[in-house]
There are 2 protein chains.
Amino acid sequence: MANIQKVAKKAGVSVATVSRVLNNPDVVTLKTRTKVEQAIHELNYEPSALGRNLRTSRSRLLLVLLPSISNPFYTEIINGIEDTAIEEGYNILLCETDSNPERENIYFNMVKNRLAEGIISMDPTVNKKTLTDLAKDYPIVQCSEYDEDGTICYVSIDNELAAYHAVRHLIKLGHEKIALINSDEKFLYARERYRGFQKAMEEFELPIRPEWILNMENVKFEDGQQAMKGLLKQEVRPTAVFAVSDVLAIGALKELNINQIRVPEDIALVGFDKIVFSNMTHPTLTTISQPMYKMGSISANMLINKIKGKAVESVILEHELVIREST
Amino acid sequence: MANIQKVAKKAGVSVATVSRVLNNPDVVTLKTRTKVEQAIHELNYEPSALGRNLRTSRSRLLLVLLPSISNPFYTEIINGIEDTAIEEGYNILLCETDSNPERENIYFNMVKNRLAEGIISMDPTVNKKTLTDLAKDYPIVQCSEYDEDGTICYVSIDNELAAYHAVRHLIKLGHEKIALINSDEKFLYARERYRGFQKAMEEFELPIRPEWILNMENVKFEDGQQAMKGLLKQEVRPTAVFAVSDVLAIGALKELNINQIRVPEDIALVGFDKIVFSNMTHPTLTTISQPMYKMGSISANMLINKIKGKAVESVILEHELVIREST
DNA sequence: ATGAAAGCGCTAACAG
DNA sequence: CTGTTAGCGCTTTCAT
């Protein structure tokens, strides 16, 4: 495989000149440049990023931590991150942790040993302590899920307000018996969305029934289905359900369809995230839309600025209630 | 930042010894090893992968090319690739090409300049010529979509047979008017699945109506919905539809639901891929299941073997017809 | 404008 | 078992 030495030899110049042609072409005379370019072409030379990276001690690689790529919530965010990263000359490594600390560790080590220059964490299940410790020495930002009292910058939305809007929408539609399908409250977003639910219910003086507050361990379709199954078994049924993610809502909708319960006539349903599927269900899902692409691109910019040593500040973005057929 | 030199100095040994406790601990006496380990700990030393990579001229990075991560078809395959890769000490870089040759080129360059050691291509839109050229010099395998007369190894299924099974299933159910929602026939899998459709129809002496063969440019939900819209407009309606991907089928189902057409009573529907969402629709979707995880893990193994210089052979895996509510 | 030379951090052959 | 040393391929000062 051709290296810079061979090119230099073939072109009859020094390796420094070849390097200049590669990185700083205007400081080389047209004549020598042409010579070098021809040698490069003839030898089919490709500069090794390995050598360059060691020399410059940069890898131009960013890590994106997420529990699982199968969650459609992340896809638009990733697109935003990716476009911005590529624009800035970085590549991203999608890191599925599967909520597994060991996996997590592999990726943390990649930044410790310089294989990657920084981390965008979107993983609610990440070990906050480890992440905070790592953030002292390496550039890290958080996207969507963040650490409440942490020192790590983030970009997110106002989850409490968004949930409040969703529930208020149901209340204004005349619903009084409203259930909540939430995820595990060990996650900040789950706690915040619960607070939004609570706030709306209290504001309109509606009772919160503990048996209608469901906390699911995971956020897969089956969990939503399971949750709805639980709700339907109860003596008194709610007339409306707010699920904190579209995936949960779609699972719940499945169970409603199976039982021939009409949506929204018998039970109204609101989701969260506006994933692509949410428009393919029957009926289509009312949901909260987050500016996912923007969240991605902002977090990528934040991280790159941090890498460059610039100061960065956390950002809260706007959400939007998207009213469709399920309410 | 601590490097191997500082550790050696602190421990009072040579850099070689430090390197040994890192890579080959058993050849070092317990006593010196302990000394070195303590120095490593005290200095909070992390070996630089940059230096190691240059020295060993390996990056332990594999590229996975796919048009878009938002297509749920890829998620299980990626899991298979990832698990196998990590097991073998490799990491994977998910590369979205967006069917954009420029993007594609970025990733091809990463392997040319040694940042990555090989490529698993799952991208039907990839430039076959470029890929074949690259495969002469670098380890490359194909997963799912492959090049018919190419020299590049692949793992896939028998698309023609799978499509044949899907259509035969509809025929055995008594259907005679069967439509096909296909993707663009520039893709091999589309041509193969068409052939399977054709074979089944001919075997049972059923006519193939050109107006019931739809070739969609993309394979998003909207394309399936669009296709079904087209079918419903026609004078004579089919009683069954085979869509070559679940995503298309789900879009088609959406349009059927909108028009209150009963599935499977009025129109039966078969998809392809068995994506997670295909079990959440109402009715659930009959589909062809591919061993996606296995495809992923086999292709990763193939690539790693190729990198190691071993000979590898293409593999065709089994598929399965999964009969659910839509037929 | 170009070249010589140092060195990024590591591994591995060789010597002892 | 451990140390010395060369060098992976590149960029970048410092001279010229």
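For the residue pair Y293(B) / D83(B), a side-chain donor-acceptor distance below 3.5 Å is found, with atom types taken as modelled.
If you take CG of D26(B) and P of dT2(D), they are 12 Å apart, rounded to a whole angstrom. In this structure, N23(A) places its CG atom 7 Å from P of dT12(D), rounding to the nearest Å. The CD-C1' distance, from Q5(A) to dC10(D), rounds to 9 Å in whole Å. Note: CG (L30(A)) to P (dA1(C)) measures 12 Å, nearest angstrom. Distance NZ (K9(A)) to P (dG3(C)): 15 Å, rounded to an integer number of Å. One can place CG of N113(B) at 12 Å from C1' of dG9(D), the figure rounded to the nearest angstrom. Rounded to an integer number of Å, the gap from N24(B) CG to dC10(C) C1' is 15 Å. Across the protein-nucleic acid pair, K112(A) atom NZ and dG9(C) atom P stand 19 Å apart, rounded to whole Å.
In this structure, K308(B) pairs ionically with E88(B), as a charged nitrogen and a carboxylate oxygen lie closer than 4.0 Å. Classification of R103(B) and E96(B) as a salt-bridged pair fails, no side-chain N sitting under 4.0 Å from a carboxylate O.
Nearest to the side chain of A16(B), among dT2(D), dT4(D), dG9(D), sits dT4(D). Listed nucleotides dA4(C), dT11(C), dT11(D) differ in distance to L22(A); the shortest reach to its side chain belongs to dT11(D).
In this model, the phosphate group of dT12(D) is not approached by any side-chain N or O of S19(A) to a distance below 4.0 Å at OP1 or OP2. Regarding contacts with the backbone of dC8(D), every side-chain N or O of N3(A) stays at 4.0 angstrom or more from both OP1 and OP2. Of the side-chain N and O atoms in T17(B), none sit less than 4.0 angstrom from OP1 or OP2 of dC1(D). Side-chain nitrogen and oxygen atoms of S14(A) include none within less than 4.0 Å of the OP1 or OP2 phosphate oxygen of dA4(C).
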With salt bridge (Lys or Arg N to Asp or Glu O under 4.0 Å) as the test, would you mind laying out the steps for E117(B) and R58(B) before giving the verdict? CA-CA 7 Å; E117(B) 295 185 38; R58(B) 325 202 30 192; 3.2 Å; yes
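For the contact set between residues 40-60 of chain A and DNA chain C, defined by any heavy atom under 4.0 Å, the members are L54(A), R55(A).
In terms of heavy-atom proximity, E104(A) sits nearest to T125(A) at OE1-O, 4.1 Å. Considering every non-hydrogen atom in both C153(B) and S314(B), the closest pair reads CA-OG, 3.5 Å.
If you check every strand for non-hydrogen atoms under 4.0 Å, R114(A) touches nothing. Within the nucleic acid shown, V13(B) comes within 4.0 Å of sugar-phosphate atoms alone, with no base atom in reach, counting heavy atoms only.
No side-chain donor-acceptor contact under 3.5 Å links K6(A) to the backbone of L43(A).
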